Amino acid sequence: MTTKTAVQFRKTQATSHLFDRLKQCRRCSRYSCLWDDRCLSCEAEDSRSAVPEQAGAVLKHRRQTGMLAVGAIGALAFLLARNAEQMILSVVGAALLLALYIFLHKRYEPILYRRTLGRLLLQDQQKIREGLLLDIDDAEADLRAEDFKTAYEKFREIGYFIQDDSIKILKVYCLNKFILRSDMDLELSSLLPNRFDKDVVEYMHEIGKVRPQLITREVLDYVMKYRGMIERLPEGRDVLTATAGAALRVKSNLHAYRSLLLDHAQELPKERLLRLCRLLAEQPDADPELTQKARDAVKLKYDFDPEFQGIL
């Protein structure tokens, strides 16, 4: 049996935009979504800055270039002046033009900033992709070293940008090495691949014990799609039962996942069976077969329990 370890994940940063997770090395321009201050490409220390900072630096440079251009025009006009009056006019005109330039730049700075940021991200798409691939290599090195916690934390950051099955399955592989707790920052629907994977089902089994609220409609649909394959696994029936119980959070799921509820009504824990009975009692004639299944489950396990008396 695989030994699982207790871990405490580092907190992932909440950001308003995806690009806020990127950093760029000021020395080699390599992008990364990881937290390490050392650049994985040129190995420079403390050389990385956030993409918004880079965009701000570019905008500042352009503003300074524009101011120099205005100043140069004013100086040229001053040099070409033929008399004192023209000299004064050139200085005053340059000052007014510079003031107008600064005013307009400040007024439209948010628009200019967004445009600069958009252009930076667009022109650096290939660099960003190459940087993320280096991040994947770094995370895989931790995986090979069996540092599963660090590997998962890195794959989690990479997963915000790359949502393919390989990253999802690597995250699940790491998560199955840990003792899961209800207070952990866990995920499930974002880990579902486009194919059946027994490691995902194993992880789903543990989630059903500690965070059943993570079993969302996407998870329910995944389970229904691969139900036959899941049932053949050692923990398969437990997963299907937990999924059936989670489906009862939404009343409309009585119809959508009826077959799952029919097969696993007798295995539902007390609280979930009670929920099923109350939902069925609202429309007792809507589904006689499922209602009878629920009655049979109550008679088998909770026949004398006062909480079930008089519901169905």
Side-chain angles (χ1 to χ4, degrees), residues 10-139 153-154 156-163:
R10 66 180 292 128
K11 291 187 179 296
T12 184
Q13 181 185 3
T15 60
S16 301
H17 304 93
L18 187 59
F19 59 74
D20 289 329
R21 295 184 173 277
L22 285 173
K23 291 185 178 180
Q24 187 181 31
C25 178
R26 293 186 296 272
R27 180 176 171 183
C28 68
S29 299
R30 184 255 181 189
Y31 284 91
S32 174
C33 66
L34 303 182
W35 57 86
D36 196 349
D37 289 330
R38 179 181 61 86
C39 177
L40 295 175
S41 181
C42 68
E43 298 187 350
E45 298 284 347
D46 299 321
S47 64
R48 303 196 305 166
S49 59
V51 170
E53 292 177 19
Q54 295 280 18
V58 171
L59 188 61
K60 182 180 179 181
H61 175 73
R62 289 178 179 172
R63 182 177 66 247
Q64 292 172 342
T65 302
M67 291 171 65
L68 286 173
V70 172
I73 292 171
L76 181 62
F78 182 84
L79 292 173
L80 295 176
R82 295 181 178 180
N83 52 53
E85 184 180 355
Q86 288 182 354
M87 290 180 181
I88 293 172
L89 287 174
S90 65
V91 171
V92 172
L96 289 174
L97 188 60
L98 184 61
L100 179 63
Y101 177 83
I102 293 172
F103 169 77
L104 291 175
H105 195 283
K106 187 173 182 179
R107 181 175 181 179
Y108 295 104
E109 188 170 9
I111 298 173
L112 293 170
Y113 170 77
R114 289 195 294 270
R115 185 178 179 185
T116 301
L117 179 61
R119 284 184 173 180
L120 179 65
L121 293 171
L122 188 62
Q123 71 186 25
D124 281 2
Q125 280 185 348
Q126 184 61 28
K127 286 184 179 179
I128 293 171
R129 181 179 179 277
E130 291 170 355
L132 292 173
L133 291 176
L134 280 177
D135 287 343
I136 291 173
D137 291 341
D138 188 49
E153 291 169 344
K154 290 180 179 179
R156 181 178 59 182
E157 295 301 318
I158 295 165
Y160 285 107
F161 296 89
I162 302 175
Q163 289 99 28

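This is a predicted model, so every value here is computed, not measured.
With hydrogens and angles disregarded, no donor-acceptor distance shorter than 3.5 Å links the side chain of E43 to the backbone of L40. Put simply, the side chain of R21 gets close to the backbone of Q13: a donor and an acceptor are under 3.5 Å apart.
With rounding to the nearest 0.5 Å, the separation of CD1 in I158 from CG in D138 is 8.0 Å. In this structure, the separation between CG on L34 and CG on L132 is 8.5 Å, given to the nearest 0.5 Å.
In this structure, the side chains of C33 and F161 come closer than 4.5 Å at one or more pairs of heavy atoms. In this structure, T12 and Y160 have side chains that are in contact, with non-hydrogen atoms separated by less than 4.5 Å.
Between E153 and R10, the shortest heavy-atom contact is OE2-N, 2.8 Å. Nearest heavy atom pair, residue C28 against residue C25, reads N-SG, 3.4 Å. Heavy atoms only, all atoms of each residue included: R26 and S49 are closest at NH1-CB, 3.5 Å.
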Table please: side-chain donor-acceptor pairs of residues 119-129 below 3.5 Å, with sequence neighbours left out.
unit_1 : atom_1 : unit_2 : atom_2 : d
D124   : OD2    : Y31    : OH     : 2.5
Q126   : NE2    : E130   : OE2    : 3.3

Mind listing the side-chain donor-acceptor pairs of residues 65-72 below 3.5 Å, one per line with the distance, residues two or more places apart or on another chain?
unit_1 : atom_1 : unit_2 : atom_2 : d
T65    : OG1    : H61    : O      : 2.8

Please lay out, stage by stage, how I136 and I162 fare under the test side chain to side chain contact (heavy atoms under 4.5 Å, CB included).
-> CA-CA 10 Å; I136 291 173; I162 302 175; 3.8 Å; yes
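Here D135 pairs with R30 in a salt bridge; the nearest charged N to carboxylate O distance falls below 4.0 Å.
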